[in-house]
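To start, the structure itself, in structure tokens.
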Amino acid sequence: MRDHQSGATFIGMLVIVAILGLGLYGAIRLVPLYMEFMAVARALDQTAKEAAGSRTSPGELRSSLDRRWTIEDITSLQPKEVEIRRSGNGYSMRAWYRAEAPFIGNVSLVVDFDKTVDVNQ
């Protein structure tokens, strides 16, 4: 009984470190995608706030989005891909897109983003 050891083995620790390392690497690969989505959401919110209370058109909304896209350097989605629909007493802007980040070899991480903002006139 005295010679019986307990605790984690080297291989066990190596497996734990590998799993944590893959999780951390995945998080590192996903952070830029989420940062860009936050820029998209911020651009939509600012455009809606700027156009609130005034008569506007879908063309003016896209122009405002285009300026913000250029400043924020958003590449996953183009302003012309933002869906602008008439709703109630204004417009509804919806940005839905899929972003992909390479992970390991031919495995990629895919994230779907969806943000809808109402523009009241």
Side-chain angles (χ1 to χ4, degrees):
M1 287 287 213
R2 285 180 127 184
D3 295 335
H4 186 269
Q5 295 183 1
S6 63
T9 64
F10 177 72
I11 294 174
M13 292 299 288
L14 196 61
V15 168
I16 291 171
V17 168
I19 291 171
L20 291 175
L22 282 174
L24 181 62
Y25 180 65
I28 289 170
R29 299 299 291 181
L30 289 175
V31 164
L33 301 179
Y34 278 96
M35 296 293 288
E36 187 171 54
F37 173 69
M38 289 190 300
V40 168
R42 186 172 43 250
L44 288 172
D45 290 335
Q46 289 173 347
T47 300
K49 185 186 256 186
E50 179 182 283
S54 64
R55 303 287 299 164
T56 187
S57 69
E60 291 171 354
L61 291 173
R62 282 195 205 286
S63 176
S64 179
L65 286 174
D66 189 34
R67 285 192 311 273
R68 295 178 197 288
W69 253 243
T70 302
I71 291 169
E72 295 283 349
D73 193 30
I74 298 170
T75 58
S76 294
L77 179 72
Q78 297 300 316
K80 64 183 177 185
E81 296 173 312
V82 174
E83 181 182 318
I84 300 176
R85 286 188 175 174
R86 189 94 173 130
S87 68
N89 60 347
Y91 292 98
S92 174
M93 297 186 298
R94 180 177 183 221
W96 179 90
Y97 67 100
R98 176 170 286 176
E100 183 176 324
F103 186 56
I104 297 173
N106 61 351
V107 176
S108 295
L109 302 171
V110 178
V111 184
D112 290 328
F113 294 110
D114 190 2
K115 173 74 174 178
T116 303
V117 176
D118 292 325
V119 180
N120 297 318
Q121 292 183 345

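Along the sequence shown, residues carry numbers from 1.
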Open item on the list: Quick one: does any side-chain atom of Arg62 pair with a main-chain N or O of Val82 as donor and acceptor, under 3.5 Å?
Closed with: yes

Open item on the list: To the nearest 0.5 Å, what is the distance between CE on Met93 and CG on Leu44?
Closed with: 5.0 Å

Task: Which atom of Met13 lies closest to which atom of Ala8, heavy atoms considered - done: SD-CB, 3.7 Å

Task: Over 12 foreign heavy atoms within 6.0 Å of CZ, Arg86 - done: yes

Open item on the list: Any side-chain to backbone donor/acceptor pair from Ser63 onto Gly59? Under 3.5 Å, distance only.
Closed with: no

TODO: Tell me, with the steps shown, if Glu50 and Thr56 meet side-chain contact (heavy atoms from CB on, under 4.5 Å).
DONE: CA-CA 10 Å; Glu50 179 182 283; Thr56 187; over 6 Å; no

- [ ] Check the pair Ile104, Tyr25 against side-chain contact (heavy atoms from CB on, under 4.5 Å), reporting the backbone distance first and the verdict last.
- [x] CA-CA 10 Å; Ile104 297 173; Tyr25 180 65; 4.1 Å; yes

Open item on the list: Applying side chain to side chain donor-acceptor pair (under 3.5 Å), can you list everything that pairs with Asn89, at least two apart in sequence or on another chain?
Closed with: none

TODO: List the steps, then state whether side-chain contact (heavy atoms from CB on, under 4.5 Å) holds for Val40 with Phe113.
DONE: CA-CA 10 Å; Val40 168; Phe113 294 110; over 6 Å; no

- [ ] Rounded to the nearest 0.5 Å, what's the gap from CD1 on Ile84 to CD on Glu60? Could you check?
- [x] 10.5 Å

TODO: Using modelled atom types only, decide if a donor and an acceptor are shared between the side chain of Ser64 and the backbone of Leu61 within a distance under 3.5 Å.
DONE: no

Open item on the list: Between Trp96 and Leu77, does the side-chain contact (heavy atoms from CB on, under 4.5 Å) criterion hold? Intermediate values first, please.
Closed with: CA-CA 9 Å; Trp96 179 90; Leu77 179 72; over 6 Å; no

Open item on the list: If you compare all heavy atoms of Glu81 against all heavy atoms of Ser76, which two are closest, and at what distance to 0.1 Å?
Closed with: OE1-O, 4.5 Å

- [ ] Enter the distance from Asn120:CG to Ser92:OG here, rounded to the nearest 0.5 Å.
- [x] 10.0 Å

TODO: Determine, stepwise, if the pair Arg98 / Glu100 fulfils salt bridge (Lys or Arg N to Asp or Glu O under 4.0 Å).
DONE: CA-CA 7 Å; Arg98 176 170 286 176; Glu100 183 176 324; over 6 Å; no

TODO: Say whether Met38 and Ile74 are linked into one hydrophobic cluster, either directly or through other cluster members, by side-chain heavy-atom distances under 4.5 angstrom.
DONE: no

Open item on the list: Measuring from atom OH of Tyr97 to atom CG of Asp112, what distance do you get when rounded to the nearest 0.5 angstrom?
Closed with: 10.5 Å

- [ ] Of all the heavy-atom pairs spanning Asp118 and Ala48, show the shortest one and how long it is.
- [x] O-CB, 3.9 Å

Task: Minimum heavy-atom distance Tyr34-Val111, with the two atoms named - done: OH-CG1, 3.6 Å

Task: Shortest non-hydrogen contact between Tyr91 and Pro58, atoms and distance - done: OH-CD, 3.4 Å

TODO: State plainly whether one hydrophobic cluster holds both Ile28 and Val31, where clusters connect Ile, Leu, Val, Met, Phe, Trp and Tyr through side-chain heavy atoms under 4.5 angstrom apart.
DONE: no

TODO: Starting at CG of Asp114, measure out to OG1 of Thr116 and round the result to the nearest 0.5 Å.
DONE: 5.0 Å

Open item on the list: Does Ile11 have more than 12 heavy atoms from other residues, nucleotides or ligands lying within 6.0 Å of its CD1?
Closed with: no

Task: Point-to-point distance, once rounded to the nearest 0.5 Å, from CZ of Arg67 to OG1 of Thr47 - done: 8.0 Å

